[in-house]
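Report on the structure given below.
Not measured: the values here are computed from a predicted model.
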Amino acid sequence: MSIQGTCAPQFAEVRAEFERNFAERGEVGASVHVTLDGAPVVDLWGGVADPITGRLWSEDTIVHVWSCTKAATALCAHVLASRGALDLNAPVTRYWPEYGAEGKDTTLVRHVLSHQAGLPALTEWLPGGAFYDRDLVTVKLAAQKPLWEPGTKHGYHGLTFGFLVGEIVRRVTGLSLGQFFEKEVSGPLGLDFWMGLPEDLEPHVAHTIPVDPTQPGILLPSLFITALTQPESVPGLMLLNNGGYMAPGESDSRAAHAAEMGAIGGISNARGLAGLYRPLALGGEYNGVRLVEPEQIPQMSNVAAAGLDAVVGVPSRFGLGFQKATDNAHLPPNDREGLLVSEEAFGHNGMGGSLGFADPRARVSFGYAMNRQGPGLGANERGQSLVDAVYRALGYRRTGGGTWFA
């Protein structure tokens, strides 16, 4: 397997693990990017972008990064908060009055960002293509009764997060989530990252290779098992009641790529993911582009919700929109994937293994994107091996609990 790109000598182990991913861990096509003090120290890519045609993964290949998109969406809210345009402790109804129906008037913006809003799924069955209709989904979310009292517990809003936060952004700015992100974040930073992909970029998108659950050795997380065996459960509603978006192959459609879905729809690559976090690893500013003031960073990195996730069924930890280090190695094999980074780091993984994060103390940003999905919900062996190599290169050590410290 020919690996392209550059890697600083200090991070040679990252390249070695990237090569091992192809040789030993079943990688098909992928990219990894790392910055230190704002400068790229790892920029690698390789493999096959489309196994059907044999198209190789190139420097400008982009791919669906699933829930890594949530970080881009959360960042938009923090940009507004840092400017004083959005109060994260205010009721959602200050910006979105219709949201107060069915007892949701006490829901705070911070509850939405930290997966405590009680709307992880819609209970009214959606028509086909519903997730491509922002107005339809947001109207139904505003009208629905929460599945628990907002702020009393947290549960992963896997597919609704983007509609909820995106509508708040739209009400504050008058711009759609994708428009605001491009105007204030991806455009100024020059990122290959889209929520609503232009059609002329379709030829650059890698083909997603989903997990085949019938293959020997595939261990499905409890979330998926519950969804498949209990379709009326909250996991079932989350994964099945989305207008067909989660049907096989649909996420690779032009309609899916064009839609602005701030929870799951982002198209990017490792360079785009690491570039998103680069300013956040440096106090909120990079190369003259200030996204947030330094005092906003703790709002992203401090833990806002932790413990047993009411939707996923395993422990999780969140800041306001970002995942925090979580070690689930003590759980059964199908639920062990977590996120093993330092306690100062914050980021988000995507279904199947994509990952991005910032570590402000280390002044590092990281991105990993691939087309062959793993079965788990966290950072799988391919992505975690790259993260581990980065921390070892920085002289960090792993604690008994699995996370990294200087």
Side-chain angles (χ1 to χ4, degrees), residues 67-82 84-96 99 104 106-120 146-169 172 262-263 276-277 280-281 284 291-328 338-349 355-361 377-379 401 403:
S67 285
C68 290
T69 318
K70 289 182 175 70
T73 297
L75 177 56
C76 290
H78 284 282
V79 168
L80 292 172
S82 185
L86 177 64
D87 183 349
L88 302 184
N89 294 316
V92 174
T93 53
R94 177 182 296 182
Y95 311 101
W96 183 2
Y99 190 81
K104 299 196 301 300
T106 61
T107 305
L108 307 180
V109 175
R110 67 182 296 112
H111 293 154
V112 175
L113 284 166
S114 57
H115 301 267
Q116 298 183 80
L119 288 180
L147 300 180
W148 62 78
E149 182 181 349
T152 61
K153 59 183 177 181
H154 80 285
Y156 190 47
H157 288 47
L159 278 68
T160 58
F161 180 91
F163 293 109
L164 294 169
V165 180
E167 185 64 9
I168 294 171
V169 170
V172 172
L276 180 77
Y277 288 101
L280 308 181
L291 296 181
V292 297
E293 296 300 324
E295 56 266 27
Q296 194 67 32
I297 301 297
Q299 294 285 322
M300 305 178 188
S301 62
N302 290 348
V303 176
L308 184 65
D309 191 294
V311 175
V312 179
V314 300
S316 61
R317 301 169 77 231
F318 290 98
L320 295 182
F322 299 88
Q323 291 175 324
K324 293 288 292 177
T326 305
D327 180 14
N328 285 335
L339 179 59
L340 304 182
V341 290
S342 80
E343 189 57 34
E344 294 80 15
F346 59 96
H348 218 291
N349 67 274
L355 174 64
F357 69 87
D359 191 323
R361 181 177 181 183
L377 298 174
T403 55

Nearest-0.5 Å distance, [atom1] of residue [X] to [atom2] of residue [Y]:
{"X": "Leu159", "Y": "Leu119", "atom1": "CG", "atom2": "CG", "value": "13.5 Å"}
{"X": "Leu88", "Y": "His111", "atom1": "CG", "atom2": "NE2", "value": "11.5 Å"}
{"X": "Met300", "Y": "Leu113", "atom1": "CE", "atom2": "CG", "value": "10.0 Å"}
{"X": "Leu291", "Y": "Gln296", "atom1": "CG", "atom2": "CD", "value": "11.0 Å"}
{"X": "Thr69", "Y": "Leu276", "atom1": "OG1", "atom2": "CG", "value": "10.0 Å"}
{"X": "Phe318", "Y": "Gln116", "atom1": "CZ", "atom2": "CD", "value": "10.0 Å"}

If you take all heavy atoms of [X] and [Y], which pair is closest and at what distance?
{"X": "Leu339", "Y": "Ala379", "result": "CD1-CB, 4.4 Å"}
{"X": "Ile297", "Y": "Gly284", "result": "CD1-N, 4.1 Å"}
{"X": "Ala117", "Y": "Pro146", "result": "O-CB, 3.9 Å"}
{"X": "Ala304", "Y": "Arg110", "result": "CB-NH2, 4.3 Å"}
{"X": "Ala305", "Y": "Ser114", "result": "CB-O, 3.8 Å"}
{"X": "Ser342", "Y": "Asp359", "result": "OG-OD2, 2.6 Å"}

Using atom types as modelled and distance alone, determine if a side-chain donor or acceptor of [X] lies under 3.5 Å from a backbone N or O of [Y].
{"X": "Arg317", "Y": "Ala325", "result": "yes"}
{"X": "Lys324", "Y": "Glu343", "result": "yes"}
{"X": "Tyr95", "Y": "Asp87", "result": "yes"}
{"X": "His115", "Y": "His157", "result": "yes"}
{"X": "Ser301", "Y": "Glu344", "result": "no"}
{"X": "Asn349", "Y": "Leu377", "result": "yes"}
{"X": "Trp96", "Y": "Glu167", "result": "no"}
{"X": "Asn328", "Y": "Pro315", "result": "yes"}

Could you check if a side-chain atom of [X] sits within less than 4.5 angstrom of a side-chain atom of [Y], using non-hydrogen atoms only?
{"X": "Trp148", "Y": "Pro120", "result": "yes"}
{"X": "Lys104", "Y": "Val92", "result": "no"}
{"X": "Leu75", "Y": "Leu280", "result": "yes"}
{"X": "Thr326", "Y": "Val314", "result": "no"}

(Q) Pair Thr73, Val169 - check side chain to side chain contact (heavy atoms under 4.5 Å, CB included), show working. (A) CA-CA 9 Å; Thr73 297; Val169 170; 5.9 Å; no

Margin query: If you apply the rule side chain to side chain contact (heavy atoms under 4.5 Å, CB included), what do you find for Leu164 with Tyr99, and how did you get there?
Written below: CA-CA 10 Å; Leu164 294 169; Tyr99 190 81; 3.8 Å; yes

May I ask you to check whether Ser316 and His154 show a side-chain donor-acceptor distance below 3.5 Å?
yes

**Study point:** Whether Phe346 and Phe322 hold their rings parallel, tilted or perpendicular, with breakpoints at 30° and 60°
**Key:** perpendicular

Could you check Asn89 against Val109 for side chain to side chain contact (heavy atoms under 4.5 Å, CB included), going step by step and ending with a plain yes or no? CA-CA 6 Å; Asn89 294 316; Val109 175; over 6 Å; no

